[in-house]
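Following: one structure in structure tokens, then a few remarks.
Just follow the structure's listing: the first ligand is 1, and inside any ligand the first atom is 1. Note that the coordinates shown come from a computational prediction; the quantities given were computed from them, not determined experimentally. Residue indices begin at 1 and follow the sequence shown. The analysis underlying the following values was restricted to heavy atoms, covering all of them including side chains, and did not include hydrogens, waters or symmetry mates.
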Amino acid sequence: MEKQVLDKSFVPYLSKADINAAIEKMAATINADYDGKKPLFIAILNGSFMFASDLFKKIEIPAEISFIKLASYKGTKSSGSVVTAIGLESDVFERDVIIVEDIVDTGKTLSEFLPQLMHQQPRSLKICALLHKKEATKFPIQIDYMGFEIPNLFVVGYGLDYNGYGRNIDQIMQIKE
Ligand code: IMP
Ligand code: MG
């Protein structure tokens, strides 16, 4: 059924069952890949809160989770915005880190954040993203665990927002063109 979020209409795209099945698969792969390890999941707020919660419940190995916000501000250099992490309390040094993102769009956010994290010398660093808009790529990011590759169209729901709204929709909906 069609849904209105602020001034835009959205149509169903990925159902609860679709999302759940994709998360089951990702979690099973992570459980196998990290067998014998104690990974640290770092979920990027706000968008990934629902995904991180559902994924983490399916992780069966000993694991920690921490939540951060990435704030962009205008840098002093001509390169434009700079991303900084707020709220990372856990020590990343020599940890097996898994970044949890709702969606990778242009790749800009992660392409700025990952090198900063690498400075803290994690033992390993992998990316888990529920959605990837491959056609929108401007900054290529290697996604190690991915739910769905989606077309370059705006989506809301399951934590993803349109101007702050729509995060509470329990499925993923695509903008109606
Ligand atoms: P990137 O830096 O261009 O990869 O953008 C990543 C961020 O933009 C995501 O973490 C989302 O917060 C936001 N974003 C990108 N595409 C969408 C979308 O279709 N719906 C909602 N948020 C989006
Ligand atoms: Mg996000």
Per-atom filter on ligand 1: closer than 4.0 angstrom to a heavy atom of T109 are 1 (P), 2 (O), 5 (O), 6 (C)
For K133, is the nearest heavy atom under 4.0 Å from an atom of ligand 1? yes
I'd like to check which ligand 1 atoms, numbered from 1 as shown, lie under 4.0 Å from a non-hydrogen atom of G107. 1 (P), 3 (O), 4 (O)
Any Q120 side-chain heavy atom under 4.5 Å of L125 side chain: no
What atoms of ligand 1 come closer than 4.0 angstrom to any heavy atom of D161? 21 (C)
Which of the numbered atoms in ligand 1 are below 4.0 angstrom from a heavy atom of K108? 1 (P), 2 (O), 4 (O)
Region of V156 engaging ligand 1 - heavy atom pairs below 4.0 Å: neither
Between the side chains of Q4 and S9, does any donor sit under 3.5 Å from an acceptor? yes
So is G47 in contact with ligand 1, going by heavy-atom distances below 4.0 Å? no
For the residue pair A63 and F41, what are the closest heavy atoms and their distance? CB-CE1, 3.7 Å
Please verify the inter-ring angle class for F154 with F10; under 30° counts as parallel, over 60° as perpendicular, anything in between as tilted. tilted
Establish, from distance only, whether the side-chain atoms of N168 and Y158 form a donor-acceptor pair under 3.5 Å. no
With atoms numbered from 1 as shown, which atoms in ligand 1 lie under 4.0 angstrom from a non-hydrogen atom of E101? 10 (O)
Can a non-hydrogen atom of L160 be found less than 4.0 Å from any atom of ligand 1? yes
Contact atoms of ligand 1, heavy-atom distance to F154 under 4.0 Å: 17 (C), 18 (C), 19 (O), 20 (N), 21 (C)
Hphob cluster co-occupancy, Y165 + I175, side-chain heavy atoms under 4.5 angstrom: yes
Could you check whether Y13 and D18, counting side-chain N and O atoms only, form a donor-acceptor pair closer than 3.5 Å? no
